[in-house]
Amino acid sequence: MFLGPGLLALGACSKSESVIPGASEMGSAPDRPHVIILSIDTLRADHLGAYGYERDTSPNLDLFAKTSVLFERCFSTAPWTLVSHMSLLTGLYPGQHRVVSDKNALSPDNPTLAERFQEAGYQTASFHVPGWIDERYGFSRGFDVEKTHGNAYDARANLKQYMDQRDDDRPMFVFVHLFDVHSAPMGEKDKLIYRPPAEYRTLYHPDPEGLFEPGDAYAMWYDNVKPSAEQREALVALYDGGIRFVDQMVGQWLSDWRREGWLDDAVVVITSDHGETLAQRGGIVRAHGGLYNDGLHIPLMVRLPGAGRAGERIARPVNQVDVAPTLQRLAGIDVEEFLPGVDLLSGAEQDPDHVMEARWGHDYAFVQWPMKVVQSVEEKRPQFVADLQADAAELAVLDREVDPGAHNAALQRLRAEFEAQIAALPLPDRVAGRASDELSQAERQRLDELGYADETGEAPVPVELPEDSQESGD
């Protein structure tokens with residue numbers, strides 16, 4: 001593969017032994033589609049026009065949806081960047097990849113999606129915001145090129161450099177992670193939780209900053225100080241301003257790619273890792289939506305080469321673990337039998353008894369459409385049974401008293417059915433994880449400022465560690 005001096009400077013090569021069936025026979029056929037995954041961190045599906053939002057936050061993404069296959073009910077595996085992105089980029093549920101805390105990393109025996117594409121002859125690149133998407137957890141594996149950025153402006157510059165210097169004779173697999181919709185770092189004197197570029201802060205509210213005092217961001221996020229109705233309206237307006245900014249940037253990228261003539265030879269996926277609560281659950285701001293649909297219902301749009309199946313909308317429930325096998329099939333790469341997901345575009349209907357799982361620390365959510373059951377081990381966190389067909393926003397559960405008997409019966413049934421699904425998959429030894437490297441004090445402080453103090457303190461699940469490891473996993 002040709003890598004000019006400038007491209008070599010973008011990142012280091014990372015490659016592991018192939019565990020991909022059939023990869024060695026595939027060669028590097030140039031006629032296979034390019035594949036791009038764009039993950040917009042903390043983007044709620046229901047704040048996009050394509051998903052029914054009334055505010056004009058996403059004109060470019062809405063146009064993209066009209067040229068794509070849109071999945072109306074896609075669920076994340078966690079309301080946390082680390083866990084959710086590991087599911088997206090491996091095709092595994094949290095209990096399989098085991099990266100459920102900052103103490104855990106992906107087992108060398110579990111291939112990443114980038115490794116699968118790299119072994120199949122693709123040139124691979126990752127452009128992401130530093131933090132949870134980090135080499136210490138296994139995210140670097142399989143990427144020829146890596147480059148971090150601070151915002152969407154920097155990401156565009158890095159992408160352009162890569163596109164200008166990549167090998168035109170080989171297909172590419174590119175992962176792009178944007179953080180501009182996410183809450184900003186919150187120090188003790190900061191006023192705003194969301195801080196889009198200045199010109200986007202007043203798009204949907206005349207003076208959102210005037211409603212907050214220094215220290216409000218920290219107090220609302222960490223001390224559970226509830227915003228007033230006016231402040232909540234301003235919070236939503238600022239969040240939506242961030243969406244509009246990212247929408248504008250993505251629209252420019254799509255125009256660039258179309259002008260350069262290779263977009264119609266590409267599969268482009270636009271999705272997110274989790275949503276955001278926006279203080280609509282009893283006024284609590286933190287936790288990125290938790291296990292409510294605020295946190296788990298994410299957008300998923302797949303644009304096929306030549307805009308095939310443009311405008312198709314699929315209502316059946318799907319999961320982000322389905323993305324990996326779908327992209328492998330589109331690229332002609334064999335799909336491992338131990339992956340729990342299905343090809344989203346095969347046309348086959350999902351088993352009506354199929355169960356999906358999400359995790360948040362030690363809490364769980366199980367979805368067997370239309371039933372959703374949430375189990376919490378912490379007294380202050382919600383525990384409920386919801387009918388998502390009748391109550392997609394889960395508003396009724398706020399006022400409904402939980403029936404412990406009915407809740408526990410439903411929970412035990414769905415948990416058993418989910419575990420049976422996973423147990424039926426071959427190669428169960430691949431679930432073993434490993435200990436990750438420790439976060440530095442500066443890294444932990446930055447993640448805490450971004451609202452992840454709870455997550456960095458979560459206890460890890462038990463994992464099988466190398467004999468020479470000094471980590472206890474506790």
Side-chain angles (χ1 to χ4, degrees), residues 39-48 51-53 70-88 91-95 97 100 132 181-183 239 270-281 284-301 314-323 340-341 344 350 354-376 378 381-398 410-411 414-415 418 451-452 454-455 458:
S39 176
I40 304 173
D41 206 299
T42 320
L43 178 60
R44 285 176 57 147
D46 61 355
H47 277 245
L48 299 178
Y51 285 83
Y53 198 43
L70 181 146
F71 295 86
E72 297 176 349
R73 296 168 177 154
C74 182
F75 292 90
S76 170
T77 62
W80 182 9
T81 300
L82 171 65
V83 181
S84 174
H85 273 105
M86 188 58 74
S87 289
L88 175 67
L92 300 173
Y93 278 103
H97 63 61
V100 296
W132 292 126
V181 177
H182 194 283
S183 55
Y239 174 81
I270 295 182
T271 187
S272 181
D273 55 345
H274 58 74
E276 189 71 306
T277 184
L278 298 176
Q280 73 180 53
R281 304 286 173 182
I284 301 301
V285 174
R286 67 194 302 176
H288 297 309
L291 294 176
Y292 284 111
N293 275 3
D294 312 347
L296 299 182
H297 181 210
I298 57 176
L300 177 61
M301 296 173 273
I314 294 179
R316 73 174 185 273
V318 302
N319 194 276
Q320 65 182 167
V321 300
D322 298 324
V323 172
L344 293 166
Q350 182 67 270
H354 182 74
V355 181
M356 296 180 284
E357 180 203 55
R359 292 192 184 190
W360 182 30
H362 299 289
D363 298 347
Y364 293 81
F366 295 97
V367 176
Q368 186 181 58
W369 191 261
M371 176 185 286
K372 176 179 176 182
V373 183
V374 173
Q375 175 198 29
S376 174
E378 294 194 15
R381 290 183 176 178
Q383 184 162 281
F384 59 88
V385 179
D387 180 347
L388 298 182
Q389 186 76 58
D391 183 22
E394 297 170 327
L395 296 178
V397 302
L398 296 176
L411 173 68
L414 294 192
R415 178 192 290 275
F418 177 78
Y452 287 105
D454 287 347
E455 283 80 357
E458 291 288 359

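Throughout, residue positions are numbered sequentially from 1 according to the sequence presented.
Here NE2 of His182 is found 14.0 Å from CD1 of Ile40. Values are rounded to the nearest 0.5 Å. In this structure, CG on Leu411 lies 12.0 Å from CZ on Phe384, to the nearest 0.5 angstrom. Here the CD1-CD1 distance, from Ile298 to Ile270, works out to 13.0 Å after rounding to the nearest 0.5 Å. Atoms CG and CD1, from Leu70 and Ile314 in turn, are 9.0 Å apart once rounded to the nearest 0.5 Å. In this structure, OG on Ser76 lies 11.5 Å from NE2 on His288, to the nearest 0.5 angstrom. To the nearest 0.5 angstrom, Phe75 atom CZ is 12.0 Å from Gln320 atom CD.
What you find for Phe418 and Val355 is that their closest heavy atoms are CD1-O, 3.4 Å. In terms of heavy atoms, Ala78 sits closest to Arg359 at CB-O, 3.2 Å. Heavy-atom minimum distance, Leu344 versus Asp322: CD2-CB, 3.4 Å. Nearest heavy atom pair, residue Asn319 against residue Cys74, reads C-SG, 4.1 Å.
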Go through Ile284 and Thr277 one step at a time and tell me if the side-chain contact (heavy atoms from CB on, under 4.5 Å) criterion holds.
CA-CA 8 Å; Ile284 301 301; Thr277 184; 5.8 Å; no
Verify side-chain hydrogen bond (donor to acceptor under 3.5 Å, both in side chains) between Ser87 and His97, making sure each step is shown before the conclusion.
CA-CA 7 Å; Ser87 289; His97 63 61; 3.1 Å; yes
Stepwise, does the side-chain contact (heavy atoms from CB on, under 4.5 Å) test hold for Trp132 with His85?
CA-CA 9 Å; Trp132 292 126; His85 273 105; over 6 Å; no
Going through the checks in order, is the side-chain contact (heavy atoms from CB on, under 4.5 Å) test met by Gln280 and Asp294?
CA-CA 9 Å; Gln280 73 180 53; Asp294 312 347; 3.4 Å; yes
Evaluate the criterion side-chain contact (heavy atoms from CB on, under 4.5 Å) for residue pair Leu88 and Asp273; output intermediate values, then yes/no.
CA-CA 8 Å; Leu88 175 67; Asp273 55 345; over 6 Å; no
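Proximity of Leu43 to Pro299: side-chain heavy atoms (C-beta onward) are separated by under 4.5 Å at one or more points. Under the 4.5 Å side-chain criterion, counting only non-hydrogen atoms from C-beta, Phe71 is not in contact with Thr271. Side-chain atoms of Tyr93 and Met356, non-hydrogen and from C-beta on, do get closer than 4.5 Å to each other. Put simply, the side chain of Leu296 reaches to within 4.5 Å of the side chain of Lys372, judged on heavy atoms. Inter-residue side-chain proximity for Asp363 and Leu291 is flagged as met; some heavy-atom pair is nearer than 4.5 Å. The side-chain heavy atoms of Thr77 and Glu357, taken from C-beta on, include no pair separated by under 4.5 Å. Within the 4.5 Å cutoff, no side-chain heavy atoms of Arg44 are placed close to those of Tyr53. Looking only at side-chain heavy atoms (C-beta outward), Val397 and Tyr292 come within less than 4.5 Å of each other.
A side-chain hydrogen bond (donor to acceptor under 3.5 Å, both in side chains) with Gln375 is found for exactly one of His362, Gln383, Arg415, namely Arg415.
Counting only distance, with no hydrogens or angles, the side chain of His297 and the backbone of Glu72 share a donor-acceptor pair below 3.5 Å. A donor-acceptor contact shorter than 3.5 Å is absent between the side chain of Gln368 and the backbone of Leu414.
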